[in-house]
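Note on naming: letters A, B, ... go to the chains in the order of the sequence lines (proteins, then strands), and numbering restarts at 1 for each one. Side chains are part of it too, since the values below use all heavy atoms of this structure and drop only hydrogens, waters and symmetry mates.
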Number of protein chains: 2
Amino acid sequence: MSQQDTKERILDAAEGLFAREGFHGTSLRAITTSAAVNLAAVNYHFGSKDTLIEAVFERRLTPLNQLRLQRLEDVKQHAERIGGKPPTRDALAAFIEPTLQFRNACSGAEDFVVLVGRSLHEPDAALRNTFLQLMRPVFLCLFETLRQSMPGLSPNLLFWRLQFALGAMGHTLCWEGQMQSLSDLPHSVDPAPKTETLSDMLLSFICSGMEAP
Amino acid sequence: MSQQDTKERILDAAEGLFAREGFHGTSLRAITTSAAVNLAAVNYHFGSKDTLIEAVFERRLTPLNQLRLQRLEDVKQHAERIGGKPPTRDALAAFIEPTLQFRNACSGAEDFVVLVGRSLHEPDAALRNTFLQLMRPVFLCLFETLRQSMPGLSPNLLFWRLQFALGAMGHTLCWEGQMQSLSDLPHSVDPAPKTETLSDMLLSFICSGMEAP
DNA sequence: GTCTATAGATTGATAGAC
DNA sequence: GTCTATCAATCTATAGAC
């Protein structure tokens, strides 16, 4: 087994377990057993449990954020070219759609998306800040784009509405994983809609909320 | 120190630590030290760590949910009396406002509200289900009331929009605690608005999202 | 009811042979 | 790079004196 293989196997196993059991609920032994590698391999390749979770975040969040930034840039440039404002829905879609579609991008990505959804509410402050630092550039770009989309909205109100939107989105990402719960209603509810359907429902909700009177 | 005192002190300390450090991130030692009681007192009074967190939830969630159910009932009865539909905003307000106002109801309630916000995303399935089971009656009542408010909306779409709303609300509750993060923007943002202001912003957002075209 | 003392299991991390 | 063996710390829970 090559070094590359071992590192990847650890990252894959850690990603799944952190998403399903949480960071503090996952032991290094659980990870190495699931990855079928030796216990000492984690500390050899990643240094510590804390640096391992950083590596788990960076592996997928870096390309995902690049995708989001690219799409946001496209929306802004298209608006400039036609001399108008970037449509609110397009700006939000540039942030949301790549995330939901990422689920189908590669194997194991479903786990990662759940992990992302949970990260905003992560109790461990150090871990939460690791995530937020990686997200900061995208968040700032989204904020500035939306400023152009809705120049009449005060920065404070925009900020809070964006927080509400992030909450709605994060909750949706978690749910996609496994969060069985309130769905046993006396009505027909689809607990796992197609990515495109879910994406549209979420976008419509958030878009209307952002543009509320 | 009376028995009542000891139990309450443990509940108070546990509430704060669970909210700030998470369930798995909080040890019984941390709780008993913070509460200034003996380590063995937790197991004597509550049986185990798992039953302790259940007691923490129940102590405040039972009266809070009763408040929410009462307000939902009022909204429905008022609609019946005038022979109309319960207004969407009133139904949502019956669920949201008591929660946000609960922060100021008693000391320590701020911690509890953060704990609630985080519970939907709790990785520990048993813990999450404890919370969901306590919330189920209120959730069902809210769902049925909103069914009356918006009879044109399919149950499936209503369900998902309600999930988005819960996500937005949960994120807001967490934030209220301490979640410093993305707020250092090049604009003036109020990181801790008055309860009423925040409540109005959240309600307007969710209400518009629920009634999206 | 409260305390001390400790059992028994699990944790993250490392030293050293191969 | 991979393995075994183990350390030192921490955890929940309990037994038994007072």
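Note on Asn43(A): every side-chain N or O is 4.0 Å or more away from OP1 and OP2 of dG12(C). Put simply, Ser27(B) has a side-chain N or O that comes within less than 4.0 Å of OP1 or OP2 on dC11(D). Note on Ser48(A): every side-chain N or O is 4.0 Å or more away from OP1 and OP2 of dG12(C). Regarding contacts with the backbone of dT2(D), a side-chain N or O of His45(A) is found under 4.0 angstrom from either OP1 or OP2.
Taking atom CD1 on Ile31(B) and atom P on dC11(D), their separation rounds to 11 Å, with Å as the unit. One can place CG of Asp50(A) at 12 Å from C1' of dA13(C), the figure rounded to the nearest angstrom. Between the CD atom of Glu21(A) and the C1' atom of dT11(C) there is a distance of 16 Å, given to the nearest Å. Atom pair Ile10(B):CD1 and dT2(C):C1' shows a separation of 11 Å (rounding to whole Å applied). Between the CG atom of Leu28(A) and the P atom of dA9(D) there is a distance of 18 Å, rounded to whole Å. If you take CZ of Arg29(A) and C1' of dC11(D), they are 14 Å apart, rounded to a whole angstrom. What separates NZ of Lys49(A) from C1' of dA9(D) is a distance of 15 Å, to the nearest Å.
Between Val116(B) and Phe112(B) there is a side-chain heavy-atom pair separated by less than 4.5 Å.
Taking the nucleotide of DNA chain D with the nearest heavy atom to each of Leu39(B) and Asn38(A), the more 5' of the two is matched to Asn38(A). Heavy-atom distances to DNA chain D give each of Phe23(B) and Ala40(A) a nearest nucleotide, and the one nearer the 5′ end belongs to Ala40(A).
Under a cutoff of 6.0 Å and an axis angle of 45°, Arg68(A) and Phe95(A) form a cation-pi pair.
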Go through the steps for His171(B) and His171(A) under the test ring pair (Phe, Tyr, Trp, His ring centres under 6.0 Å), then give the verdict. CA-CA 9 Å; His171(B) 184 59; His171(A) 185 57; over 10 Å; no

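With hydrogens and angles disregarded, no donor-acceptor distance shorter than 3.5 Å links the side chain of Arg128(A) to the backbone of Leu120(A).
Looking at heavy-atom distances under 4.0 Å, Thr26(A) makes contact with sugar-phosphate atoms alone, never a base.
No donor-acceptor contact under 3.5 angstrom links the side chains of Gln133(A) and Asn129(A), judged on distance only.
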